[in-house]
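To start, the structure itself, in structure tokens.
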Amino acid sequence: QVHLVESGGGLVQPGGSLRLSCPASGFTFRNYIMAWYRQASGKEREGVAVITNTGGTPDCADSVKGRFTISRDNAKNTVCLQMNSVKGEDTAVYYCEAVRVLSEYWGQGTQVTVST
């Protein structure tokens with residue numbers, strides 16, 4: 001069975017940092033592009049970051065570029081999102097996704113709340 005389990009969310013102050021983690025199982029992790037998405041209350045889900053199957057060309061959306069970093073460890077079947085200098089607008093449920101041509105898997109999400 002496929003499992004992607006996000007963790008690391010919680011309450012953080014503006015300007016602070018969080019590291020989200022998403023270990024995966026039940027499929028050949030190294031063959032999948034991995035991505036992070038987020039969905040704020042009342043808004044559409046938006047892409048945050050993406051990384052190739054080998055860890056090449058990590059990229060982030062303009063709204064988080066320079067603050068967030070996506071990485072993966074294929075030996076541990078895990079993708080991470082390092083979130084620095086967080087803002088209130090970063091408050092959302094964060095989801096990890098595994099995708100290739102004919103397959104797409106999603107985790108359950110982890111809540112990130114940026115507040116004083």
Side-chain angles (χ1 to χ4, degrees):
Q1 187 175 354
V2 171
H3 294 282
L4 295 93
V5 185
E6 301 93 335
S7 64
L11 179 64
V12 60
Q13 296 184 164
S17 297
L18 282 177
R19 185 173 178 84
L20 307 185
S21 178
C22 183
S25 62
F27 62 98
T28 307
F29 182 83
R30 66 182 180 273
N31 291 340
Y32 284 72
I33 294 169
M34 299 298 297
W36 285 94
Y37 286 77
R38 67 186 182 186
Q39 186 167 27
S41 181
K43 296 185 177 181
E44 296 286 333
R45 184 167 57 191
E46 64 173 330
V48 176
V50 64
I51 190 167
T52 69
N53 62 313
T54 60
T57 60
D59 198 16
C60 293
D62 289 343
S63 60
V64 305
K65 191 165 294 183
R67 300 187 297 118
F68 293 6
T69 302
I70 186 172
S71 62
R72 69 188 294 162
D73 186 341
N74 285 348
K76 297 181 178 179
N77 292 161
T78 299
V79 62
C80 294
L81 183 70
Q82 180 65 46
M83 305 168 60
N84 297 328
S85 302
V86 296
K87 306 174 181 179
E89 63 199 62
D90 296 323
T91 296
V93 177
Y94 285 72
Y95 301 87
C96 66
E97 181 203 23
V99 61
R100 66 173 187 173
V101 174
L102 297 177
S103 302
E104 183 176 303
Y105 305 120
W106 290 88
Q108 83 290 343
T110 184
Q111 176 70 49
V112 171
T113 302
V114 183
S115 176
T116 57

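Values below: all heavy atoms of this structure, side chains included; hydrogens, waters and symmetry mates excluded. Please read these numbers as outputs of a predicted model, since none were measured by experiment.
Residues Glu46 and Arg38 are in side-chain contact: their nearest non-hydrogen atoms beyond the backbone lie under 4.5 Å apart. Within the 4.5 Å cutoff, no side-chain heavy atoms of Asn77 are placed close to those of Pro23.
Under the 4.5 Å side-chain heavy-atom criterion for grouping Ile, Leu, Val, Met, Phe, Trp and Tyr, Val114 is connected to Trp36 within one hydrophobic cluster. Residues Tyr105 and Leu20 share a single hydrophobic cluster, defined by chaining ILVMFWY side chains whose heavy atoms lie under 4.5 Å apart. Under a hydrophobic clustering in which Ile, Leu, Val, Met, Phe, Trp and Tyr are joined whenever their side-chain heavy atoms come within less than 4.5 Å, directly or via other members, Ile70 and Val64 fall into the same cluster. Cluster membership for Val2 and Met34, using ILVMFWY side-chain heavy atoms within less than 4.5 angstrom, is shared. Criterion: ILVMFWY side-chain heavy atoms under 4.5 Å apart, direct or through other members. Under it, Phe68 and Val50 are not part of a common hydrophobic cluster.
Listed by first then second residue, pairs satisfying disulfide bond (SG atoms under 2.5 Å apart) with a partner in residues 20-116 read Cys22-Cys96, not counting sequence neighbours.
For Asn74 (side chain) and Asn53 (main-chain N/O), a donor-acceptor pair under 3.5 Å exists by modelled atom type. A donor-acceptor distance shorter than 3.5 angstrom exists from the side chain of Glu6 to the backbone of Gln108, with no hydrogens or angles considered.
Across every non-hydrogen atom of Leu81 and Ala49, the tightest pair is CD1-CB, 4.1 Å. Shortest non-hydrogen contact noted between Gln39 and Arg45 is NE2-N, 3.8 Å.
No more than 12 heavy-atom neighbours from other residues, nucleotides or ligands sit within 6.0 angstrom of CZ on Arg30.
We find that Lys65 and Asp62 are joined by a salt bridge, their nearest charged nitrogen and carboxylate oxygen being less than 4.0 Å apart.
Cation-pi geometry between Arg72 and Phe29 is met: the NZ or CZ atom falls under 6.0 Å from the ring centre, inside 45° of the normal.
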